[in-house]
Protein chains: 2
Amino acid sequence: MRIRTEITSDYITEEDHRVAKVANALAHPLRVALVRYLAEKNGGRGTDNITCNKDLVEMFDYSQSTMSQHVKILKECGLFVTETKDKFTFYYLDKDLLKLFKNSLNL
Amino acid sequence: MRIRTEITSDYITEEDHRVAKVANALAHPLRVALVRYLAEKNGGRGTDNITCNKDLVEMFDYSQSTMSQHVKILKECGLFVTETKDKFTFYYLDKDLLKLFKNSLNL
DNA sequence: TTTATATATTGTATATTTGCGATATACATT
DNA sequence: AATGTATATCGCAAATATACAATATATAAA
């Protein structure tokens, strides 16, 4: 997502930018699948959530570095939140942000 | 949005691809603003909808070719539908598709 | 302390996106 | 027919995205 650094039109609001940022994070099928997968797993924190480990890599058939990179994009927009325990980093879906995003599209 | 041509993981569904495609169209603030603007204007077809004319160009402060290109992306994913009358091409928002997109995110 | 595992980062090649001027096309008006 | 207006497309340069191997880092297990 590349945005002009100059004056962006007055008709483009801050909210438009926020919406675009989340949309951008969902603009790749792997990331959509990750969000969906996490939403299913993610009844409550600390239970059975995903990590970026070998299993996940094999499951999605992307390299570990690629997976990590996609997760990073989801983290940067706020959809994914992480919590590290021992060796593992667990990812949680911020359902409230997702809800906010959907509500922004109630046009 | 660049996707591997090879086997995409079984965990990435066709729906994930569809969601990503719409999300991709919304992954730029100008396009979000266009959708929002059209949704406001767009009570019913044939009334007061936008065209890609000079006014719109001035309003959003992007060049005509750039505007046209962004509109094209919105058309390609199906969010915008066009209807040409005389010199003018009017754009309509496919609210059903937008609704479908939002429902796909009810995780 | 060596070794293995989990995750993140860096470097790199390639593809795609973005923005715009220039040009093309199509219809309207003069 | 010539001119003007609305849109679309092309070609270019710069920015960004994608995928992955290699490497770094941190912790666990042996």
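From a predicted model like this one, the values you see are computed outputs, not experimental measurements.
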OP1, OP2 of [N] versus side-chain N and O of [X]: anything below 4.0 Å?
X: B:R31; N: C:dT17; value: no
X: A:Y91; N: C:dA8; value: yes
X: A:Y62; N: D:dA19; value: yes
X: A:T66; N: D:dC20; value: yes
X: B:H70; N: C:dG19; value: yes

Atom-pair distance ([atom1] on [X]; [atom2] on [N]), nearest Å:
X: A:K87; N: C:dA6; atom1: NZ; atom2: P; answer: 5 Å
X: A:I73; N: D:dT18; atom1: CD1; atom2: P; answer: 5 Å
X: B:L26; N: C:dT17; atom1: CG; atom2: C1'; answer: 16 Å
X: B:K85; N: D:dT5; atom1: NZ; atom2: C1'; answer: 18 Å
X: B:E76; N: D:dT9; atom1: CD; atom2: C1'; answer: 12 Å
X: A:E58; N: C:dA6; atom1: CD; atom2: P; answer: 10 Å
X: B:K75; N: D:dA8; atom1: NZ; atom2: C1'; answer: 8 Å
X: A:M67; N: C:dT5; atom1: CE; atom2: P; answer: 19 Å

Q: Identify, between A:Q69 and A:D86, the residue whose nearest nucleotide on DNA chain D lies closer to the 5' end.
A: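 Here A:Q69 is the residue nearer the 5' end.
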Q. For the side chain of B:D16 and the backbone of B:T13, is there at least one donor-acceptor N/O pair under 3.5 Å apart?
A.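 Yes; judged by distance alone, with no hydrogens or angles, the pair exists.
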Q) Donor-acceptor pair, B:D86 side chain versus B:F88 backbone, under 3.5 Å? A) no
No-H, no-angle donor-acceptor pair, [X] side chain to [N] base, under 3.5 Å:
X: B:Q64; N: D:dA6; value: no
X: B:S63; N: C:dG19; value: no
X: A:S65; N: D:dA21; value: yes

Q.
Taking the basic N atoms (NZ, or NE/NH1/NH2) and the acidic carboxylate oxygens, is any pair closer than 4.0 Å for A:R18 and A:E14?
A.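 Answer for the salt bridge query: no.
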**Q.** Heavy-atom check, side chain of B:Y37 versus side chain of B:M59, under 4.5 Å
**A.**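 Contact flag for B:Y37/B:M59 side chains = yes.
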Q. Contact class for B:S68 vs. all strands (heavy atom < 4.0 Å): base, sugar-phosphate, or nothing?
A. base
**Q.** Mutual orientation of the aromatic rings belonging to A:F101 and B:F101 [parallel < 30°, tilted 30-60°, perpendicular > 60°]
**A.** perpendicular
